[in-house]
Amino acid sequence: MSSQQPDASAPIGVFDSGVGGLTVARAIHDQLPGESMIYVGDTARTPYGPRPIADVRRFALEILDGLVEQGVKMLVIACNTASAAVLRDARERYDVPVVEVIGPTVRSAASITRNRRVGLIGTQGTIQSRAYDDLFAMRPEIALSSAACPRFVDLVEAGETSGPAVHEVAQQYLAPLVAQGIDTLVLGCTHYPFLRGAIRQVVGPDVALVSSDIETANAVFQVLTELQLLRPPGSGEPELRYEATGEDTAAFVELARRMLGIGIDAVDRLETGAIRLPN
Ligand code: DGL
């Protein structure tokens, strides 16, 4: 790939396994309303959490390659599981800057905690990768307690974000972390902000919830500013495009509209397997 400076008027490429990364896309749009974006949800292969990390890596690189071919100026891996799987590869592989969700979220949690007991919830893949543990290890004063919450992503993708069943699952996953006396909880999956109400109800009002959406949007803002890649004024109306790999793009539109209030008119179907990957 060429090492030219990316075109500042090009869109930002944002990617997740499904609708979760829309929380990040929304936060980016709120901070940088003049930027164009292409959002890809790999809905055909969601959830990533229970899959072997090598599969997640392959899927993620396939989609990121596709975004680069579409000419994006920056890649945002709006998925913790994919960030854990490909971060190092992605930074070496692409000339455009790559922003992921784990680093910014850890920095924020570390600055918020007062009692230095931080809880982390994420998918099985994220928790098993120990990507968060590696970053928190640089702050040995912080005690990290983690829990995988495998059912959360399925609930969100099914549009189920509140009610007694969600509360019961949240209680089961979160009670052991609350018992550790945490004062900060990292929502280490971009689907989890959709469950914020249920999570808040279980952890109570005194635990700070840190999610990847706003922290990642801050990182996007900072990197674009530093690299002088903010979309120049006078580049025309910004364009927001959505692509999903699953057949049921209507379900994606419906979920996105209901959960984020984003006015998505259309989602393009993206074929997977079209992009050749190196071994
Ligand atoms: N939003 C993805 C994450 O942040 C969900 C992973 C999944 O598909 O299981 O980890």
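Starting from 1, each residue takes its place in the sequence as its number. Note that ligands are numbered from 1 as they come in the structure, with each ligand's atoms numbered from 1 the same way.
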Item to complete: Check Gly119 against Ile182 and note the closest heavy-atom contact, atom names and distance.
Response: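 Distance-wise, the nearest heavy atoms are N-CG2, 3.5 Å.
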Practice prompt. Taking all heavy atoms of Ser162 and all of Val166, pick out the closest pair and write down the distance.
Written response: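 Smallest heavy-atom distance, with atoms named: O-CG2, 3.5 Å.
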Fill in: Tyr39-Phe15 aromatic ring centre distance below 6.0 Å
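No, they do not, as the ring centres are separated by 6.0 Å or more.
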Practice prompt. Looking only at distances, please establish whether an N/O atom of ligand 1 is found under 3.5 Å from an N/O atom of His191.
Written response: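 It does: an N or O of His191 is found under 3.5 Å from an N or O of ligand 1.
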Discussion item. With nothing but distance in play, are any N or O atoms of Gly49 less than 3.5 Å from an N or O of ligand 1?
Written reply: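 Indeed, backbone or side chain, Gly49 has an N or O that close.
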Determine, for [X] against [Y], whether the closest basic-nitrogen to carboxylate-oxygen distance falls under 4.0 angstrom.
X	Y	value
Glu35	Lys73	yes
Asp55	Arg45	no
Arg117	Asp183	no

Find all atoms of ligand 1 within a distance of less than 4.0 Å from any non-hydrogen atom belonging to [X], and give their numbers and elements.
X	result
Asp16	1 (N), 2 (C)
Thr46	8 (O)
Thr123	6 (C), 9 (O), 10 (O)
Ser17	5 (C), 6 (C), 7 (C), 8 (O)

Worksheet item: Which residue supplies the protein heavy atom nearest to atom 7 (C) of ligand 1, what is that atom called, and how far is it?
Response: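 Minimum-distance protein heavy atom for atom 7 (C) of ligand 1 reads Tyr48 N, 3.1 Å.
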Fill in: Shortest protein heavy-atom distance from atom 10 (O) of ligand 1, along with the residue and atom involved
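Checked against all protein heavy atoms, atom 10 (O) of ligand 1 sits closest to Thr81 OG1, 2.7 Å.
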Worksheet item: Counting only heavy atoms, which portion of Thr190 has something under 4.0 Å from ligand 1: side chain, backbone, both, or neither?
Response: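 Thr190 to ligand 1: contacts from backbone and side chain alike.
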Practice prompt. Heavy-atom distances under 4.0 Å are what count here, so tell me which part of Asn80 touches ligand 1: side chain, backbone, both or neither.
Written response: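 Contact part for Asn80 vs ligand 1: both backbone and side chain.
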Contacts under 3.5 angstrom, residues 203-213 side chains, donor-acceptor by atom type, not counting sequence neighbours:
{"unit_1": "Ser211", "atom_1": "OG", "unit_2": "Arg196", "atom_2": "NH2", "d": "3.0"}
{"unit_1": "Ser211", "atom_1": "OG", "unit_2": "Asp213", "atom_2": "OD1", "d": "2.5"}

